[in-house]
Amino acid sequence: MTASSSMLNRRSMLRGAALGAIATPALVGKGIAQGKVTWRVQSHWPKASSSFTDSLGVLATVLEERTDGAFKLEPLGAGEFAKGPDIYNILRKGVVPMATLSPSYIQDQAQAASFVYGIPGTFRESWQLQHAIKNLGLEDLVNEDLNKEGVMLMAEKVLPVEMVVSKRIESADDFRGLKIRSSGTMIDYLAAAGAAPQYVPGSELYQALSSGVVDGAHWGAAIGAKSMSLWEVCKFHCKPGLGMTTDAYAVNMDQLEALDDDLRTALIDSMQNRFFLRSQEYQHQEAVALASGVAENGIEVITLPDDVLEMLSNASKDILAKEAEKGERAAKAADIYRELMTDFGYI
């Protein structure tokens with residue numbers, strides 16, 4: 001056995017053992033290691049984002065309580081060590097042991113990353129992408145690539161994607177050329193409908209909108225727009241949504257392996273449990289946030305014109321086919337999508 005294959009086998013066993021421990025949560029908390037551990041977590045969320053507190057902040061609280069204070073997370077807002085796609089590199093190198101990121105940042109590292117991020121215009125409900133990620137193997141396909149670089153990814157939640165814009169959209173002509181902050185496969189999706197999407201880091205988004213660098217954005221949907229103050233400069237909230245997407249946790253596997261068994265199990269178990277809890281909680285909070293946007297921020301909910309929706313629908317098929325060509329694992333991920341969409345009667 002080569003050194004490389006030995007390392008991969010060890011990491012595969014580590015991940016399997018840790019995930020297997022999820023089935024026996026009663027064991028966690030008994031015999032927690034005496035030594036205290038603090039992990040810095042570089043987040044892709046600015047501190048103003050609701051997920052910095054409601055996702056990462058809650059996980060930190062749950063983990064500290066579960067381990068009787070033996071394991072603490074120190075959340076870092078976007079840009080404190082790194083931001084956007086640079087987060088993956090500092091995690092891989094061990095500068096920080098843990099991070100949050102968008103799977104769109106790792107499309108060059110993992111063939112199936114776009115499928116975990118979410119192919120726009122495919123799934124219509126949160127639970128469908130949750131099922132594909134956790135039960136049907138999308139997350140595992142991504143980790144087949146990332147584990148080779150010493151990184152393990154676990155999806156943090158599934159959330160809807162909806163645009164906010166500063167200009168009313170009544171036709172394809174209105175949509176054409178709109179500068180929309182976007183990321184991942186959503187960039188191709190919006191470009192195919194005639195928009196002019198571009199990536200802007202979350203920490204720079206409000207300034208980009210208020211100065212007119214971009215005309216609109218998607219940062220999740222209503223919750224993201226509210227927490228990031230996007231409705232202050234973008235008074236039109238667009239329906240239907242562009243699709244479903246995810247946020248994710250990622251950990252450096254060498255530093256994960258270095259943890260005592262109890263702490264490692266507590267971390268992975270907590271992340272796994274929070275995925276489902278947070279995804280469902282988010283759907284409720286979306287409805288509350290949108291209602292408050294209408295009542296308190298004076299936003300107007302608008303429906304994208306039929307000619308724009310038709311172009312987006314065609315773009316979705318093209319993106320799915322294009323992403324499937326990235327390799328064997330991408331093709332498997334595309335099959336998961338197609339089989340589910342067939343079962344749901346979407347294709």
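Values reported hereafter were calculated over all heavy atoms of this structure, with side chains retained and with hydrogens, waters and symmetry mates removed.
- With hydrogens and angles left out, the side-chain atoms of Lys134 and Gln272 include a donor and acceptor closer than 3.5 Å.
- Here Glu339 pairs with nothing under the salt bridge (charged side-chain N to carboxylate O under 4.0 Å, His left out) rule; sequence neighbours left out.
- Here CG of Leu205 is found 10.0 Å from NE2 of His218. Values are rounded to the nearest 0.5 Å.
- When the shell of 6.0 Å around CZ of Arg92 is examined, it contains more than 12 heavy atoms from other residues, nucleotides or ligands.
- Under the ring pair (Phe, Tyr, Trp, His ring centres under 6.0 Å) criterion, Tyr346 pairs with Phe344, not counting sequence neighbours.
- Residues forming a side chain to side chain contact (heavy atoms under 4.5 Å, CB included) with Lys47 (at least two apart in sequence, or on another chain): Phe52, Glu80.
- Residues Ser270 and Leu59 form a side-chain contact, since some pair of their non-hydrogen atoms from C-beta on lies under 4.5 Å apart.
- Judged by distance alone, the side chains of Thr38 and Glu74 never bring a donor and an acceptor atom under 3.5 Å apart.
- Checking Glu162 against His237 by side-chain atom types alone, a donor-acceptor pair falls below 3.5 Å.
- Taking the six-membered ring where the residue is Trp, His44 and Tyr105 present perpendicular rings, their angle passing 60° and hence far from 30°.
- When side chains are defined from C-beta on, Ile302 counts as touching Arg168, because their heavy atoms get closer than 4.5 Å.
- For the ring pair (Phe, Tyr, Trp, His ring centres under 6.0 Å) test, residues two or more places apart in sequence or in another chain that qualify with Phe123 are Tyr337.
- Qualifying salt bridge (charged side-chain N to carboxylate O under 4.0 Å, His left out) partners for Asp307, counting only residues two or more places apart in sequence or in other chains: none.
- In summary, the side chains of Gln130 and Ser126 do present a donor paired with an acceptor at a separation below 3.5 Å, with no hydrogens or angles considered.
- Here salt bridge (charged side-chain N to carboxylate O under 4.0 Å, His left out) pairs that include residues 214-228, with residues two or more places apart or in two chains, are Lys167-Asp215.
- In Asn135, the CG atom is crowded: over 12 heavy atoms of neighbouring residues, nucleotides or ligands sit closer than 6.0 Å.
- Remark: Lys157 fails to qualify as a cation-pi partner of Phe275 under the 6.0 Å distance and 45° angle criteria applied to the six-membered ring.
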